[in-house]
Amino acid sequence: MSTICWIALLSAFGWHAAEAVFNRPYEIKLQDNGYNLLVAISENIPEDTRIVDRLQEILTEASQALYVATNNRAFCAVVKILIPKSWTKKDEYLPAGTETFEKANIRVDVPNPLYEDNPYVQQKGGCGVEGDYMHLTPKYVVDKDYGQMTWGPYGKTFVHEFGHLRWGLFDEYGFDDPSGESYPHFYRSSTGGVLPTRCSAKVAGYHQNMVTGARCQLNPETGVYEPECRFYPYFSDNQATGSYMFMHFLDNVKGFCHSDPEGDPLSYHNREAPNKQNVMCQGQSTWDIMNKHQDFANGANPPRAVNSTVPRFVLLQESDFVSIVLVLDVSGSMQGEPLQRLIQVSRRFIRSTVSLGTSVGVVTFAVDASIEHPVVSVTSQAVRDGLIASLPTSATGGTCIGCGLQKGVQALEEVGPSQGGILLLITDGEENRDPRISEVIPELVTKSVIVSSIAYSQDADAMLQTLSLQTGGLSFFSGTDESTALDNAFTTTFEEKAGTNGVKILSEDKTISNRETYSNHVYVDNSVGENTTFSVSWLDGQRPRVTLGTPHGLMITEGDPLYDVTSDTITIEIPGIATPGKWVYNITNNTPNDQDVTVIVTSNAVNDTVPIKVTAQVSAVSLNYSSTQPTALTIFASVRKGYLPVIGAVVKASIEKPGGEVEEIMLLDNGAGTDVTTNDGIYSRCFFNFSKDGRYGVSVKGDNSQGGAGYIVINHGRRRGMRSGVLPLDPASGFTSGDDVQKEPLEPFQRMTTGGVCQVQGIPSGGISGQDMLPPSRVDDLVVVEVSYANATVTLSWTALGDDFDQGGPAHHVETRYSRHFDQLADDFYGQALVNQSQVLQGSLTSLPEPGSAMTIVILVPDRGHNVTFVFAVRMCDEADNCGDPSNIVTANLEYIPDPEPVYTNDTLTWVIVGSVIGVVVLVAAALFISCKFCRSKSAKSATQPSANDNPAYNHTV
Ligand SMILES: *[C@@H]1O[C@H](CO)[C@@H](O)[C@H](O)[C@H]1NC(C)=O
Ligand SMILES: *[C@@H]1O[C@H](CO)[C@@H](O)[C@H](O)[C@H]1NC(C)=O
Ligand SMILES: *[C@@H]1O[C@H](CO)[C@@H](O)[C@H](O)[C@H]1NC(C)=O
Ligand SMILES: *[C@@H]1O[C@H](CO)[C@@H](O)[C@H](O)[C@H]1NC(C)=O
């Protein structure tokens, strides 16, 4: 796991991101060789029952292909298909329970504009880390001829994507993504010659310029083929049997590449190809990675003959309304400020967050529980007022969390079936009365009730995260001395289920000194604006005075009809659509003492505009340092407008630590260190500065106050198609010209969200950082920038990493090793020659730049001969000699003599039938629209001198 924050080559967490909410997906399990999967159709898709029929056909084909590809170890046993609530009700559709669109493993939704109808998987984690979801479009699903002609048989295409989704595999072909990520289509083999990036090396074919149709030419400047050069497979008699992550569509390809020397040589892994699989997984084969997955590790799910691989399909339909019961702790420890804040946040939730038609109830618990307000549908302001009036005012007694949960279920059942209902549980203490949480979980699971839990203090019961995990809910942490985390948890819980178009623009807790005025501002962007609400709450003292200035300079203050005052909150709701731009506000503390205020600004998407949304997630809900290798928490934030990645935004995570200290870190979308993919709109970073045991709550802010953010747009007029996800049969259909890709700037925007909570145990005294236990991350973007035959030099470049993973100060030194043979370096990095400082003509091995910056060294190689190949790899180390794993391996070929190209005599031009027309397409040169920092190719590039030995070895047909 290259990129990840884990030390050893082990890892297990999900790479995920949903359009609206980052979410823990429906849990896939492999039991008795059978998978259970959730497929969901988006609310955005107009009713078309052919989608449901085709999904069943596709999954049936996929199940059979999967069974063969895993050597009889896995197939799809049960597939749930979730149908949107807007579609016609049918008797055969069962009501959904905890299943939601956001949790689906496979989603059918409107196209991602970058990828159109290409099936793809969103993958945000490293090697072996499961993907978030597979995205299929209605056109792909329904239009069988088109789908099959473009990407090959449906069942096999599904298995390729399932490799990303389930086992965290990567593509074994070269590609150029519109985001700027790129892996080479050809490479310099260490044994000489230029070869196509492929697995296995037995896949036969030829190369050709996809634009001109002519044979590719070695570029004397770069030593490799022109960017438009592609590998075209032979479609008949191609004997290679692997790999699914390469050209799954070839008839004979039935399995994954493996590294067993005794196994089928026709699917033997090619570890030298500089594809994403080799780079991210350190040269391991796809089958090796699958074998380490819990599905197959230690002989799990051994091969078994099954009577039928046809899945059992269960059709579900979303329910029309959302039911949510607040289950509030009113035990003694809540008395005072904690209760006051809780009530304030609950009130705001009922008044503003909950949309019309939602069903809401209120339950409280202490030594026992009671229904304070039955579940009612919110149809009017009067209903909201009634719910608010039922909120508790005092707290006393012990803590029976199980009682509260049971009462919550009862409240749901009083108005209908409880399944799919949400209990939002807030507690600050440990349970000390029966029934316990663990006794109630089975009932909750059976009844499909979702529990989202908020640990409202460090002392809250440790079972809360487990409770939420097992019932498919979310878990949060909020200290009792702030309201924003609590408020974020309420909103996220609602949005996760209701999928609203509401966004939180700002939430802040602020202490204002006596008689002082606090001034701040907030940007409202034009993707939102409807019913924009500013609310200012305080806990005690006289009410503050709020003045709000619109972008036009109008002032709204006390006395204005929009200025609504209650006992502890001032609300200003802008009717209609708020003017986009900078809204300024002043809050004046009128008391002679300090005053704590909470400011929250929310808004809604305008009409059908897709709003910019920020969602966040942590990689684990618990970490135990005494039982595992030192690891870090990865924090992910997705910043998107629909499926379009928003790049260049300032994204910061605040981590609230036990003791109340808050630490802020910047999340990055630069494809280095923790971040797996450049410019995918998923910003990530490691966090490991754990000071002591306890809960670490994470909130995330996405900001474009300074401008600079934008999203990628593609000029549809000139484009043919776009590569991502699965490889099309026609290599030319996957590409667009760099000219067609642009960054569209976005106006200033702000967003705020919560990333959840992680419970940490086993922290040594002095904290993790005090020990210098953590190495720099692994380098996974080493490239050869230049080779000079005349000077006998090789220039290497990569992104510098930190003293601890991808942060802290600069690392201490870099260890660079090389060999004449790929296998030697791959198998025995430590046994190979070390580059010492005297061989470094430019750059330094010991004086390293800040993490995140580009690092370049020019190495004088010991000899060059006539045609010499060197392979290099590096690793970065800290003062305590903790080192990252060796990087990806790159090849540099020092040779002379630009020879004329061999004459093209192949029969292969006759092959035109399969691919259809080749349009005007050129490679995405990546560089055009993004700053250089982002465009760094992760690929191994090759020499600058042309080859005398253009090896057409792959041109064989066997
Ligand atoms: C498989 O088929 C055989 C013979 O028809 C039958 O006896 C057996 O019970 C079946 N097994 C399963 C798991 O359905
Ligand atoms: C905005 O408020 C109006 C009036 O209360 C309401 O009818 C409308 O549905 C609201 N819009 C949204 C997106 O909440
Ligand atoms: C806020 O206070 C500053 C300083 O007194 C003043 O210049 C500004 O106009 C005020 N803005 C609003 C919106 O009241
Ligand atoms: C929203 O839709 C209404 C009715 O279709 C239209 O009159 C209005 O201009 C739209 N508003 C925006 C901001 O597009």
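Note that ligands are numbered from 1 as they come in the structure, with each ligand's atoms numbered from 1 the same way.
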| said: Under a 4.0 angstrom heavy-atom cut-off, which atoms of ligand 3 come close to Met555? | reply: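 Heavy-atom distances to Met555 below 4.0 Å select 12 (C), 13 (C), 14 (O).
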
Here the atoms of ligand 3 under 4.0 Å from any heavy atom belonging to Gly549 are 13 (C)

Kindly say whether [Y] contributes a backbone atom to a donor-acceptor pair with the side chain of [X] at under 3.5 angstrom?
| X | Y | result |
| --- | --- | --- |
| Arg341 | Asp481 | yes |
| Asn604 | Glu530 | yes |
| Gln340 | Leu539 | yes |

Under a heavy-atom criterion of less than 4.0 Å, does Val584 contact ligand 3?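 Right, Val584 reaches ligand 3.
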
Contact bool for [atom] (protein heavy atom, d < 4.0 Å):
| atom | result |
| --- | --- |
| atom 11 (N) of ligand 2 | yes |
| atom 4 (C) of ligand 3 | no |
| atom 8 (C) of ligand 2 | yes |
| atom 14 (O) of ligand 2 | yes |

Handout entry: Heteroatom distance test (Asn586, ligand 3): nitrogen or oxygen, under 3.5 angstrom
Key =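 By distance alone, the answer is yes.
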
When distances are taken from atom 1 (C) of ligand 2, the protein heavy atom at minimum range is Asn531 ND2, 1.4 Å

**Item:** Donor + acceptor pair across side chains of Glu43, Ser86 (<3.5 Å)
**Value:** yes

- Task: Would you kindly say whether Tyr523 and Asp525 are connected by a side-chain donor-acceptor distance under 3.5 Å?
- Result: no

* Asked: Does a salt bridge link Glu744 with Lys641, judged by any charged N lying under 4.0 Å from a carboxylate O?
  -> no

Salt bridge Glu99-Lys103, side-chain N to carboxylate O under 4.0 Å |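 No, this pair does not count.
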
Worksheet item: So, is Glu573 polar-close to ligand 2, with some N/O to N/O distance under 3.5 Å?
Response: no

